[in-house]
Participant: 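Okay, handing you the structure first.
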Amino acid sequence: MSEMMTGAEMVIRALQDQGVDHIFGYPGGAVLPIYDALFHQEKVRHVLVRHEQGAVHAAEGYARSSGKPGVVLVTSGPGATNAITGLADAMMDSIPLVCITGQVPTHLIGTDAFQECDTVGITRHCTKHNYLVKSIEDLPRVMHEAFYVAQNGRPGPVVVDLPKDIQFKTGSYVRPLSNQHKTYRPTVKGDIEHIRAAIELMANAKRPVFYTGGGVVNSGPHAATLLRELVRLTGFPITSTLMGLGAYPASDKQWLGMLGMHGTYEANLAMHECDVMINIGARFDDRITGRLDAFSPFSKRIHVDIDPSSINKTVKVDIPIVGDCAHVLEDMVRLWRQGAHQAEKVALKDWWGKIEGWRARNCLGFRNSTETIKPQYAIQRLYELTKDRETYITTEVGQHQMWAAQYFRFEEPNRWMTSGGHGTMGYGLPAAVGAQLAHPNALVIDIAGEASIQMMLQEMSTALQYNLPIKVFILNNEYMGMVRQWQELLHGGRYSQSYSESLPDFVKLAEAYGGVGIRCDNPGDLDAKILEMINVNRPVIFDCLVDKTENCFPMIPSGKAHNEMLLNDYLGETGADIGSVIDEKGKMLV
C-alpha cells in the first residue's frame, strides 16, 4: 500500500521495515531532516557516538556479534570522511553495513558548497556498493536494495548518499516486493560436480588439513554446525584465520590453533606439509600465506568462497567452489555420508602422530613471573574467569590482539570481534559498544593496548550515556608493542617513536568519564581484580601493567614462509626469551 511521506520519513520507514532496532550516528546539518523524523518514532533507537569512525566500528561490533546488518547515520563532508576508516575496515572484513550519509542539496553538488564532498567517489573503493539518490522516486528502492547488497554474497558496507533537498521532498513510499538488486545475484549453491571432486580428493588424502576463515562465521551458525560435523566425520585436523576463530571449538582435540603470522607451530607446519588443503571461507591473505612461492608447496587445494573474485586471486587452487559456506558444507557432509567415505586410517594416524610431535614443542609456552604480570598470563586468567559466562571479546590492534587470539579460547562463533584485514587501531572500544547493545545481558570486554585505546577513547562517553557496562582491559606495556617488537627483531633495536610517552592515568580517566578505574601490577592480585571488574555493572577501564619487553611468538617475519617461524625459545622450565628460526624439519637454526 502506498503512503505519502517525506524522504526523511522514507528512510526511517525503510529501516523499520528492515527490522532495524539500533542505528549509530552523529547529527549535522545535512541529515537534520532524518534526525527530526527519528524524533517522531520509537521503533528505531539512535545511539549517539562521539566520532563518526566510532559509529561505523560500533555498527561493525553490533553486526559481527548479532548476525544482523549494522546501520550508520552521518552528515555530509567531515561526517562522511570521518566514517571512511570504518567503512574500509568493514570492507576488508566482510561486515554487512548500511551507511546513510547526508549530502548538500542536488543543485549545489559540484559547487564546493559548505560541507560538500564527493562521498560516492571517495567511498567507491572502500565499499561494496554506493548510491547517490537524486530522485525521491528512487529512494524506497535504494534503501531496501542497500540492505540486500550489504547482506548477500560476500557481505560488506553499502553507502546511501542522500542530498538534503531529497530528504525534504514528498513522495510515495511502497515497500518493494523484492529487495533484490536488478543485476546482483550471488551464487550460493556450489557446483555439485566440483564438490564431488573435492570429496574424492579428501577421501584419498594422506596429510589433509581444513583451513577456515571468517566466511564460515558470516554464513551463520548453521555453517559452523556443519563445519564441526564434517571435521569430526573426516577426523582431519583444522586450523583457522584470525577472523574465523570460534567457528570450531578451541577445546576440541582436532583444533590446531590459529594459522598465520602469529599462528601456532603445529598449524603452520601442518599447512606447510599437508597434501590436501580444504579452504572454507578464507581468502589467502598475506598474513596467512607468508611467502607465496613457498606456501603449502606439497598440497592439492580446495577453495570454497562466495566471492568468485577471491578464487585464484593470490593462490592458484585445484578445485574451486563458488558458493555460500553453509550450502557447500551441507553438500559436503551429505556426499561424505552417502559415499560412506573414510580417510586412509594408517596415513591419517601417521599424520596425527607428526602433528602431536609439533604440538609437543609447546609454542605458546612462556616463562611466567611472580613479580611482573606477563601479558600471556593476563589473557589466560581473563579467559579462565570468564569462560563460563556469555562473553564477547573485542580488541584493538597490536600485540594484545594477537595474545588474545592465542590465549583466549573461543568455543562459539560471533563471540570474537577484531579488525583483521585493515588492522584498525581504535576498533575495539566502539565495537564493544555495538556488541553490548546487541547483547545487553552479556559480558563484553575490549582487550586493548595503551596506545590503541587512545584512538577512540572518547566512546567511553557513549558507553556511559547508554549505561553499557563494557570492560576495557588494557595490557599496558608503555609501548606501541607490535611496532617495538618489529623494531627489536628486524630493525636492530632502534625504537623510533614507539615508546608511549605522556600516558594518562587510566584510572582517573575512567573516573572522569563517570566510570570505574582499576589498576593491577601484581600477578598475585590479578584474579581478584579481574573479578572486581566483571562484577561492576558500569563501564570499567582496567589498567593491567605488564612486562614491557615481552614479544609475541610464534611469528612469521614478513616475506618468510610457514617453516621460517620465529619461536620463543621457552621449553618447559628452561629457555631464553629470544626468537629461534625453525627450518622445514622443525629444527632450530639459531
Side-chain angles (χ1 to χ4, degrees), residues 154 186-216 219 223 226-227 230-231 233-241 244 248 254 256 259-260 263 267-336 338-339 341-344 347-348 350-351 354-355 561-563 584:
R154 179 181 174 181
T187 300
V188 295
K189 290 286 289 182
D191 183 286
I192 196 66
E193 293 308 315
H194 284 200
I195 296 173
R196 288 185 196 280
I199 291 296
E200 289 301 320
L201 184 59
M202 290 162 59
N204 291 299
K206 292 179 171 57
R207 301 186 309 280
V209 66
F210 281 101
Y211 153 34
T212 59
V216 179
S219 186
L226 290 166
L227 173 67
L230 182 60
V231 171
L233 278 172
T234 60
F236 295 176
I238 178 172
T239 181
S240 164
T241 67
Y248 195 85
Q254 288 171 249
L256 302 186
L259 179 69
N268 283 332
L269 285 189
M271 181 60 75
H272 185 75
E273 295 202 10
C274 71
D275 70 340
V276 173
M277 172 210 304
I278 310 106
N279 177 338
I280 302 178
R283 57 184 177 84
F284 291 111
D285 70 280
D286 63 292
R287 286 303 193 259
I288 293 298
T289 62
R291 199 173 84 239
L292 277 173
D293 63 357
F295 173 64
S296 195
F298 314 112
S299 69
K300 296 286 187 180
R301 298 155 186 172
I302 301 163
H303 188 192
V304 179
D305 204 299
I306 199 163
D307 181 5
S309 73
S310 291
I311 303 287
N312 292 323
K313 181 169 66 176
T314 55
V315 171
K316 185 170 177 55
V317 299
D318 299 278
I319 303 179
I321 303 171
V322 177
D324 179 76
C325 291
H327 286 84
V328 175
L329 283 165
E330 191 168 28
D331 286 337
M332 283 183 149
V333 169
R334 177 176 53 80
L335 291 174
W336 186 274
Q338 282 180 356
H341 290 291
Q342 286 189 339
E344 293 193 17
L348 189 60
D350 289 345
W351 179 228
K354 197 165 194 178
I355 289 170
H562 285 118
N563 61 324
E584 68 276 4

Participant: With respect to S309, which candidate in I311, N312, D307 satisfies the side chain to side chain contact (heavy atoms under 4.5 Å, CB included) definition?
Facilitator: D307
Participant: Would you call T212 and L227 a side-chain contact if the rule is heavy atoms closer than 4.5 Å?
Facilitator: yes
Participant: Under the side chain to side chain donor-acceptor pair (under 3.5 Å) rule, what pairs show up with a residue in residues 278-290, not counting sequence neighbours?
Facilitator: none
Participant: Please give me the minimum heavy-atom distance between S296 and R301, naming the atom from each residue.
Facilitator: O-NH2, 2.9 Å
Participant: For V304 and G323, which heavy atoms make the closest approach, and how far apart are they?
Facilitator: CG1-O, 4.2 Å
Participant: Just wondering, do D275 and W351 contact through their side chains at under 4.5 Å, heavy atoms?
Facilitator: no
Participant: Is there a side-chain contact between I302 and V317 in this structure, where contact means two heavy atoms from C-beta onward sitting under 4.5 Å apart?
Facilitator: no
Participant: With sequence neighbours excluded, what pairs up with E200 under the salt bridge (Lys or Arg N to Asp or Glu O under 4.0 Å) test?
Facilitator: none
Participant: List in chain and number order the residues that pass salt bridge (Lys or Arg N to Asp or Glu O under 4.0 Å) with K316, two or more places apart in sequence or in another chain; answer none if no residue qualifies.
Facilitator: none
Participant: If you round to the nearest 0.5 Å, how far is CG of D350 from CD of E344?
Facilitator: 11.0 Å
Participant: Quick one, V209 and I278 - any side-chain contact, counting heavy atoms below 4.5 Å?
Facilitator: no
Participant: Hey, mind stepping through M202 and T234 against side-chain contact (heavy atoms from CB on, under 4.5 Å) and telling me if it holds?
Facilitator: CA-CA 8 Å; M202 290 162 59; T234 60; 4.1 Å; yes
Participant: Just verifying a value: how many Å separate Y248 OH and L230 CG, rounded to the nearest 0.5 Å?
Facilitator: 10.0 Å
Participant: Report the residues that fulfil side-chain hydrogen bond (donor to acceptor under 3.5 Å, both in side chains) with R334, sequence neighbours left out, ordered by chain and then residue number.
Facilitator: D331
Participant: Can you tell if the side chain of D305 reaches within under 4.5 Å of the side chain of V322, non-hydrogen atoms only?
Facilitator: no
Participant: For a 4.5 angstrom cut-off between non-hydrogen side-chain atoms, does L259 reach Y211?
Facilitator: yes
Participant: So do the side chains of P320 and H194 get within less than 4.5 Å of each other, counting heavy atoms only?
Facilitator: yes
Participant: For the aromatic rings, using the six-membered ring if either is Trp, is the centroid distance between F295 and H272 under 6.0 Å?
Facilitator: no
Participant: Do the rings of H341 and W336 sit parallel, tilted or perpendicular, given the 30° and 60° boundaries?
Facilitator: tilted
Participant: Where is the tightest heavy-atom contact between P237 and L256, given as atom of each residue plus distance?
Facilitator: CB-CD1, 3.7 Å
Participant: In sequence, state the C-alpha distance, the side-chain angles, and the governing distance for I280 and V328, and then conclude on side-chain contact (heavy atoms from CB on, under 4.5 Å).
Facilitator: CA-CA 9 Å; I280 302 178; V328 175; over 6 Å; no
Participant: Looking at every non-hydrogen atom in both residues, tell me the closest pair between T187 and I306 and how far apart they are.
Facilitator: O-CG1, 3.5 Å
Participant: Where do M271 and C274 come nearest, in terms of heavy atoms and distance?
Facilitator: O-SG, 3.5 Å
Participant: Who passes ring pair (Phe, Tyr, Trp, His ring centres under 6.0 Å) against F236, sequence neighbours left out?
Facilitator: F210
Participant: Identify the residue among H562, K354, R207 that makes a side-chain hydrogen bond (donor to acceptor under 3.5 Å, both in side chains) with E273.
Facilitator: K354
Participant: Please answer whether the main-chain N or O of F284 pairs with a side-chain N or O of T314 as donor and acceptor at a distance below 3.5 Å.
Facilitator: yes
Participant: Let me confirm one number: the CG-CG distance from N563 to N268, rounded to the nearest 0.5 Å.
Facilitator: 9.5 Å
Participant: Given side-chain contact (heavy atoms from CB on, under 4.5 Å), test I321 with H303 step by step and report yes or no.
Facilitator: CA-CA 6 Å; I321 303 171; H303 188 192; over 6 Å; no
Participant: Minimum heavy-atom separation for V231 and Q254, please, with both atom names.
Facilitator: O-NE2, 2.9 Å
Participant: With sequence neighbours excluded, what pairs up with R291 under the salt bridge (Lys or Arg N to Asp or Glu O under 4.0 Å) test?
Facilitator: D293, E564
Participant: Should L348 and K206 count as side-chain neighbours, where that means a heavy-atom distance under 4.5 Å?
Facilitator: no
Participant: CE/M277 to CG/D318 distance, rounded to the nearest 0.5 angstrom?
Facilitator: 9.5 Å
Participant: Using the side-chain hydrogen bond (donor to acceptor under 3.5 Å, both in side chains) rule, take D324 and S219 through it: C-alpha gap first, then chi angles, then the decisive distance, then the call.
Facilitator: CA-CA 7 Å; D324 179 76; S219 186; 2.8 Å; yes
